[in-house]
K.L.:
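Sharing a structure below in structure tokens format, with a few things to ask.
Starting from 1, each residue takes its place in the sequence as its number.
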Amino acid sequence: MKLRELRQEHGFTPAELARVCDVSVSYLNEIEKGKKYPKADKILSLSKALGVTYDQLTSLTLSRKLEPISELLQSDLLKEFPLEMFGLDPIRIVELISDAPAKMNAFISTLFEIARNYEMRQEHFFLAALRSYQEMHDNYFDELEQDVRVFVSHEKLSVGAPFDITQLETVLTQKYGYSIDRTALGAYTTLGRLRSVFQPKTRRLLLRPGLTGTQEAFVLGREIAFNYLHLKERPYVNASFPVRSFDEVLNNFKASYFAGALLMEEDSLVRDFQKLFASKKWEPAALLDLMARYDVSPEMFMQRITNLLPRHFGLQSLFFLRFDQASADAAYVLTKELHLSRLHNPHGNELHEHYCRRWISLRLIAEARHNPTPEAPLTVIGAQRSRYFGTEDEYLCLTLARAGSATEPAVSVTIGLLCDENLKQKVRFLEDPAIPLKIVNETCERCPIPDCEVRAAAPLEIERQQRNREQEAAVAALVNGG
């Protein structure tokens with residue numbers, strides 16, 4: 001895997017590298033397929049040709065791009081599923097993933113066939129693949145950022161904040177032949193979730209009446225991206241409906257990324273955050289003002305930050321969470337997540353357990369609901385240092401939450417940054433005593449924190465584990481005594 005990756009990075013064909021290292025092409029292919037292990041002199045020759053040390057080539061440590069492959073091969077997924085019944089070999093799976101990204105779709109589809117008996121939906125695999133794709137690239141994509149810059153230059157657009165969205169409508173109608181209808185979709189009252197529908201035969205874009213400028217801007221930006229980037233396989237609505245292929249999921253992500261980068265110009269936003277992070281005091285109003293200046297939604301704003309922090313600030317150990325709550329009496333649902341740190345806390349839980357109420361993501365939703373405004377949903381902001389119970393893992397969590405009345409939906413978006421020396425150097429307000437420290441956990445059912453003031457359920461899983469340990473001890477004593 002490492003040899004193939006390095007060869008491709010250096011632009012060598014198998015024949016070219018084989019000639020440089022004085023080996024046959026077939027022998028090099030056997031090495032890349034894991035069927036042969038080269039002798040020391042050949043390893044040394046390969047390392048020199050590829051510009052790495054002997055130890056780097058033979059080390060078991062994989063590059064960041066190859067980590068997901070290693071994780072997959074060691075995961076319970078491949079241990080538990082009967083791969084041999086489907087003629088699948090782990091080495092072949094490695095080849096499918098690392099040879100070419102286009103083969104990822106076939107790989108995921110194969111896993112989906114296996115998983116049907118486990119009642120796993122195809123979307124789970126597609127979305128998991130997309131998250132891995134984002135994580136492998138630290139959620140920053142040079143080619144998409146460059147596409148935006150070229151598009152802006154070619155169309156002579158002004159990118160000053162806030163972005164003038166009339167420019168987008170002009171491009172869609174004059175360059176791509178769109179017609180935009182802001183009334184027809186309002187007649188479909190049962191489709192209240194839909195903000196937009198694109199009708200490809202007539203190239204008509206239906207926008208729901210009453211959308212904010214921010215919402216319209218994002219929809220128009222995505223439509224431009226589908227056309228400018230020539231993304232053929234695409235969804236025609238903005239809501240989450242069953243998807244048809246991984247290409248559709250990937251193209252939707254690319255279009256959304258393009259729209260965010262268009263509305264929040266890279267260099268300008270980086271300068272704004274450099275100024276924000278240079279302050280020794282946590283100033284929530286400054287972050288809200290910044291979001292208001294770009295005139296974007298909390299989710300668009302925080303998603304864009306996850307693109308820029310790894311590349312421009314070296315903050316690669318981060319996570320992003322979005323929680324939704326349909327009403328004040330409904331459960332909190334984790335609807336989006338991204339983990340560049342490759343850690344699993346906090347993480348989505350599919351067991352219908354109660355997420356820890358000590359998380360600032362949930363606390364701010366509750367606070368926003370307790371202070372509703374009659375005019376519009378209230379947006380609140382907060383910061384918290386979250387340390388996971390029984391570990392040294394601590395994150396600076398920045399959260400934006402938006403909620404209306406008790407019967408209306410609410411949402412929160414959170415960025416978590418690993419508290420280490422790197423963060424301390426980059427974010428000067430990290431040590432501000434105004435930012436509270438909270439001990440948190442995953443779910444109430446799996447949390448042993450005593451006397452938790454916001455516990456929503458008994459620690460049933462902890463109690464079950466304790467009973468199992470007691471039973472195991474009793475059985476062992478009985479066996480040894482007999």
K.L.:
Using a strict cut-off of less than 4.0 Å between a Lys/Arg side-chain nitrogen and an Asp/Glu carboxylate oxygen, indicate whether Arg402 and Glu408 qualify as a salt bridge.
P.N.:
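Not counted as a salt bridge, because no side-chain N and carboxylate O are separated by less than 4.0 Å.
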K.L.:
Counting only N and O atoms by type, is there a donor-acceptor contact under 3.5 Å from the side chain of Arg385 to the main-chain atoms of Leu430?
P.N.:
yes
K.L.:
Treating Asn139 as the side-chain partner and Leu340 as the backbone partner, does any N or O pair qualify as donor plus acceptor under 3.5 Å?
P.N.:
no
K.L.:
Is a side-chain donor-acceptor pair under 3.5 Å present for Gln274 with Arg271?
P.N.:
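Gln274 and Arg271 do not have a side-chain donor-acceptor pair below 3.5 Å.
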K.L.:
Pairing donors with acceptors under 3.5 angstrom, does anything connect the side chains of Asn238 and Arg208?
P.N.:
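The criterion, which ignores hydrogens and geometry beyond distance, is not satisfied for Arg208 and Asn238.
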K.L.:
Would you check if there is a donor-acceptor pair between the side chains of Gln316 and Asp138 at a distance under 3.5 Å?
P.N.:
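Their side chains do contain a donor-acceptor pair, which is all the 3.5 Å distance test asks for.
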K.L.:
Check whether Gln325 reaches the backbone of Ala330 with its side chain - one donor and one acceptor, N or O, closer than 3.5 Å.
P.N.:
yes
K.L.:
Heavy atoms only: give me the nearest Pro235-Asn252 pair and the separation to one decimal.
P.N.:
CG-OD1, 3.4 Å
K.L.:
Do side-chain atoms of Thr214 reach the backbone of Asp295 as a donor and acceptor pair under 3.5 angstrom?
P.N.:
yes
K.L.:
Do the charged groups of Arg131 and Glu135 touch, with an N to O distance under 4.0 Å?
P.N.:
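Result for this pair is no, no salt bridge flagged.
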K.L.:
Name all pairs fulfilling the side chain to side chain donor-acceptor pair (under 3.5 Å) condition that reach into residues 277-293, sequence neighbours left out, sorted by first residue then second.
P.N.:
Asp272-Arg293
K.L.:
Minimum heavy-atom separation for Ala184 to Arg204, with atom names?
P.N.:
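Closest pair (atom of Ala184, atom of Arg204, distance): CB-NH1, 4.4 Å.
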K.L.:
Is the shortest side-chain N to carboxylate O distance from Glu453 to Arg358 below 4.0 Å?
P.N.:
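Yes, charged N to carboxylate O under 4.0 Å.
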K.L.:
Do any N or O atoms from the side chain of Thr391 and from the backbone of Tyr388 form a donor-acceptor pair under 3.5 angstrom?
P.N.:
yes
K.L.:
Using atom types as modelled and distance alone, determine if a side-chain donor or acceptor of Thr306 lies under 3.5 Å from a backbone N or O of Gln303.
P.N.:
yes
K.L.:
Between Glu442 (side chain) and Cys447 (backbone), is there a donor-acceptor pair under 3.5 Å?
P.N.:
no
K.L.:
Taking side chain as C-beta onward, heavy atoms only, is Gln384 less than 4.5 Å from Val440?
P.N.:
yes
K.L.:
Determine whether Glu145 and Arg311 satisfy the following criterion, salt bridge (Lys or Arg N to Asp or Glu O under 4.0 Å), listing intermediate values before the conclusion.
P.N.:
CA-CA 12 Å; Glu145 300 283 352; Arg311 169 57 63 96; over 6 Å; no
K.L.:
Evaluate the side-chain proximity of Val413 to Phe320: yes if any heavy-atom separation is below 4.5 Å, no if none is.
P.N.:
yes
K.L.:
How about Phe226 and Phe198: are their ring centroids closer than 6.0 Å?
P.N.:
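So the answer is no for these two rings.
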K.L.:
Would you call the rings of Phe323 and Trp359 parallel, tilted or perpendicular, where under 30° means parallel and over 60° means perpendicular?
P.N.:
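Ring orientation of Phe323 relative to Trp359: tilted.
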K.L.:
Would the number of heavy atoms belonging to other residues, nucleotides or ligands and lying under 6.0 Å from OH of Tyr236 be above 12?
P.N.:
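Yes, OH of Tyr236 has more than 12 neighbouring heavy atoms, counting only those of other groups under 6.0 Å.
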K.L.:
Take the angle between the ring planes of Phe141 and His137 and call it parallel below 30°, perpendicular above 60°, tilted in between.
P.N.:
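Answer is tilted, since the angle falls between 30° and 60°.
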K.L.:
Looking only at side-chain N and O atoms, does Tyr332 offer a donor or acceptor that is under 3.5 Å from a partner on Ser412?
P.N.:
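Result is no, nothing qualifies.
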K.L.:
Locate the shortest heavy-atom distance separating Ala456 from Cys444; write the atom from each residue and the value.
P.N.:
N-SG, 3.3 Å
K.L.:
Apply side chain to side chain donor-acceptor pair (under 3.5 Å) to Tyr228 and list each qualifying residue two or more places apart in sequence or on a separate chain.
P.N.:
none
K.L.:
Would you tell me whether Asp329 and Ser327 have side-chain atoms, one donor and one acceptor, within less than 3.5 Å of each other?
P.N.:
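Asp329 vs Ser327: no donor-acceptor pair found between side chains.
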K.L.:
Does any N or O in the side chain of Thr335 come within less than 3.5 Å of the main-chain N or O of Arg322, such that one atom is a donor and the other an acceptor?
P.N.:
yes
K.L.:
I'd like to know if the side chain of Arg234 and the backbone of Asn251 have a donor-acceptor N/O pair within less than 3.5 Å.
P.N.:
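A pair under 3.5 Å: no.
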